[in-house]
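Notes to accompany the following structure.
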Amino acid sequence: MPSSTSVRAVSLVPSITESLRSWGHDPVACTQYCEQPDLFHVGGTKNPDINAIVDLAPDVVLLDKVENRREDAEALVAAGLHVVAIDVRILQDVDAEMAVIAAAVDLPPPTPIRIPPVPANRFTAFVPIWRRPWMTIGGLTYGSTLLAAIGVNTVFGDVGSDYPEVTLADVVREHPDRILVPSEPYEFKPRHLVELEEIAPVVEVDGRDLFWWGARTSVAIVRLSEQLAGIEGDHSSTR
């Protein structure tokens with residue numbers, strides 16, 4: 001397992017921060033969304049404090065092409081900092097990008113994630129990630145590909161958008177077997193769950209397991225698979 005080095009890193013992505021700490025490497029700063037209260041915070045993923053980062057004089061700033069904004073990366077580069085941009089789009093990207101992160105902080109590549117053989121399709125699911133408007137995940141996203149690896153097919157996976165906007169009427173027409181409601185990025189309230197229950201049975205899942213790639217991926221696959229075990233598709237019921 002990798003261990004700490006002297007490289008001073010700033011992480012602007014919760015997944016990267018969590019992975020670094022799992023290797024025994026503490027970044028000198030991270031975002032307020034990284035759930036690491038003992039580390040120095042430099043704003044959010046979409047609005048990092050560029051001046052505070054520059055003042056820290058890190059050896060490397062680690063960010064993600066999806067999570068972070070290009071203009072912030074360009075501002076950091078213009079300030080003379082070394083920036084490494086990770087690009088995890090689907091589950092199958094994780095190993096290569098984790099090796100890039102490890103190299104950036106002078107650590108050996110971590111153990112590859114354990115992706116089990118894809119089981120027979122268990123059921124279909126609608127995964128809401130936002131409300132007003134309702135939004136979900138497309139087929140070529142990390143969350144959808146992780147679910148596919150455990151036999152769960154997401155509806156709207158073929159619409160050609162990573163995060164399509166939909167209506168509940170659209171969801172009804174797709175006849176999902178379950179609605180998987182993640183704990184983040186949107187905090188769905190009990191009244192929202194009641195609204196969704198009118199379409200299909202609701203299963204609440206840990207949004208970090210579904211969307212935070214990296215050190216937690218292998219364990220997240222096991223946890224989600226065990227949580228969803230026993231659920232099978234059934235389109236015969238009237239919704």
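For reference, positions follow the sequence shown, starting with 1.
Pairing each heavy atom of Phe156 with each of Phe126, the nearest pair is CE1-CD1, 3.8 Å. Pairing each heavy atom of Gly207 with each of Pro182, the nearest pair is CA-CB, 3.9 Å. Residues Phe40 and Val42 approach most closely at CE2-CG1, 3.7 Å, considering heavy atoms. Closest approach of Gly214 and Val94 over heavy atoms only: N-CG1, 4.1 Å. Across all non-hydrogen atoms, the minimal contact from Arg21 to Pro27 is CG-CD, 4.2 Å. Nearest heavy-atom pair across Glu232 and Phe123 is C-CB, 3.9 Å.
Val60 and Ile53 are members of different hydrophobic clusters when ILVMFWY side chains are connected at heavy-atom separations under 4.5 Å. Hydrophobic cluster membership is shared by Ile137 and Val159, with clusters built from Ile, Leu, Val, Met, Phe, Trp and Tyr side chains linked at under 4.5 angstrom. Note: the hydrophobic cluster containing Ile50 also contains Val83 (ILVMFWY, side chain heavy atoms under 4.5 Å, direct or indirect links). Val7 and Val13 fall within a single hydrophobic cluster, where Ile, Leu, Val, Met, Phe, Trp and Tyr side chains are chained together by heavy-atom contacts under 4.5 Å. Transitive grouping of hydrophobic side chains (ILVMFWY, heavy atoms separated by less than 4.5 Å) keeps Leu81 and Val100 in distinct clusters.
One finds the CE atom of Met98 at 9.5 Å from the OG1 atom of Thr111 (value rounded to the nearest 0.5 Å). To the nearest 0.5 angstrom, Leu146 atom CG is 10.0 Å from Ser225 atom OG. If you take SG on Cys34 and CG on Leu39, they are separated by 8.0 Å, rounding to the nearest 0.5 Å. For the atom pair CG (Asp59) and CG (Asp106), the distance works out to 10.0 Å, reported to the nearest 0.5 Å. Between Leu12 atom CG and Leu63 atom CG the span is 5.5 Å, to the nearest 0.5 Å. Rounding to the nearest 0.5 Å places OG1 of Thr154 at 9.5 Å from CG of Leu180.
Side-chain atoms of Thr167 come within 3.5 Å of backbone atoms of Asp170 as a donor-acceptor pair (strictly under, hydrogens ignored). Side chain of Ser144 to main chain of Leu140: no donor-acceptor pair is present (N/O by atom type, distance under 3.5 Å, no hydrogens or angles). Put simply, the side chain of His25 never gets that close to the backbone of Ala102: no donor and acceptor are under 3.5 Å apart. Here the side chain of Asp95 pairs a donor or acceptor atom with the backbone of Ile113 at under 3.5 angstrom. Using a distance-only test at 3.5 Å, with no hydrogens or angles considered, a donor-acceptor pair links the side chain of Glu97 to the main chain of Asp87. A donor-acceptor contact shorter than 3.5 Å is absent between the side chain of Asp177 and the backbone of Ala125. With hydrogens and angles disregarded, no donor-acceptor distance shorter than 3.5 Å links the side chain of Gln227 to the backbone of Val203. In this structure a side-chain-to-backbone donor-acceptor pair under 3.5 Å is missing from Asp209 to Asp206. Under the 3.5 Å distance criterion, the side-chain polar atoms of Ser11 are left unmatched by any main-chain donor or acceptor of Leu62.
Looking at Ile150 and Ile221, their side chains come closer than 4.5 Å, going by heavy atoms from C-beta outward. The closest side-chain heavy-atom distance from Arg122 to Ile231 is not below 4.5 Å. The shortest side-chain heavy-atom distance between Phe211 and Thr141 does not fall under the 4.5 Å cut-off. Side-chain contact between Val10 and Cys30 is absent, with no heavy atoms from C-beta onward closer than 4.5 Å. Contact of the Phe188 side chain with the Glu195 side chain is not registered, since no non-hydrogen atoms from C-beta on lie closer than 4.5 Å. Val152 has its side chain out of reach of Thr124: every pair of non-hydrogen atoms, C-beta onward, lies at least 4.5 Å apart. Here the side chains of Ser15 and Asp64 are not in contact, with every heavy-atom distance at 4.5 Å or above. Taking the side chain as every heavy atom from C-beta outward, Pro201 and Ile179 never approach each other to under 4.5 Å.
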**Asked** For Leu20 and Val105, what are the C-alpha separation, side-chain angles and deciding distance, and is it a side-chain contact (heavy atoms from CB on, under 4.5 Å)?
**Response** CA-CA 9 Å; Leu20 290 174; Val105 295; 4.0 Å; yes
**Request:** Report the C-alpha separation of Lys46 and Glu67 in whole Å, then their side-chain angles, then the decisive distance to 0.1 Å, and conclude whether the salt bridge (Lys or Arg N to Asp or Glu O under 4.0 Å) test is met.
**Result:** CA-CA 7 Å; Lys46 306 296 185 186; Glu67 297 261 4; 5.5 Å; no
**Request:** Please test Leu168 against Leu196 for side-chain contact (heavy atoms from CB on, under 4.5 Å), starting from the C-alpha separation and ending with a verdict.
**Result:** CA-CA 8 Å; Leu168 291 188; Leu196 292 169; 4.0 Å; yes
**Prompt:** Yes or no on side-chain contact (heavy atoms from CB on, under 4.5 Å) for Trp134 and Val171, after CA distance, side-chain angles and deciding distance?
**Reply:** CA-CA 10 Å; Trp134 289 98; Val171 180; over 6 Å; no
**Trace of the side-chain contact (heavy atoms from CB on, under 4.5 Å) decision for Val61 with His82** = CA-CA 6 Å; Val61 180; His82 176 43; over 6 Å; no
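At a cut-off of 3.5 Å, with distance as the only test, no side-chain donor of Thr31 or Thr45 sits close to an acceptor on the other residue. A donor atom on one side chain and an acceptor atom on the other are not found under 3.5 Å apart for Arg223 and Ser218. Side chains of Trp213 and Glu18: a donor-acceptor N/O pair is absent below 3.5 angstrom, by distance only.
Surrounding NZ of Lys65 are at most 12 heavy atoms belonging to other residues, nucleotides or ligands under 6.0 Å away. The environment of CD in Glu71 is crowded: more than 12 heavy-atom neighbours from other residues, nucleotides or ligands sit within 6.0 Å. More than 12 heavy atoms of other residues, nucleotides or ligands shown are found within 6.0 angstrom of CG on Leu193.
Classified by interplanar angle (parallel below 30°, tilted 30° to 60°, perpendicular above 60°), the ring pair His192/Tyr186 is tilted.
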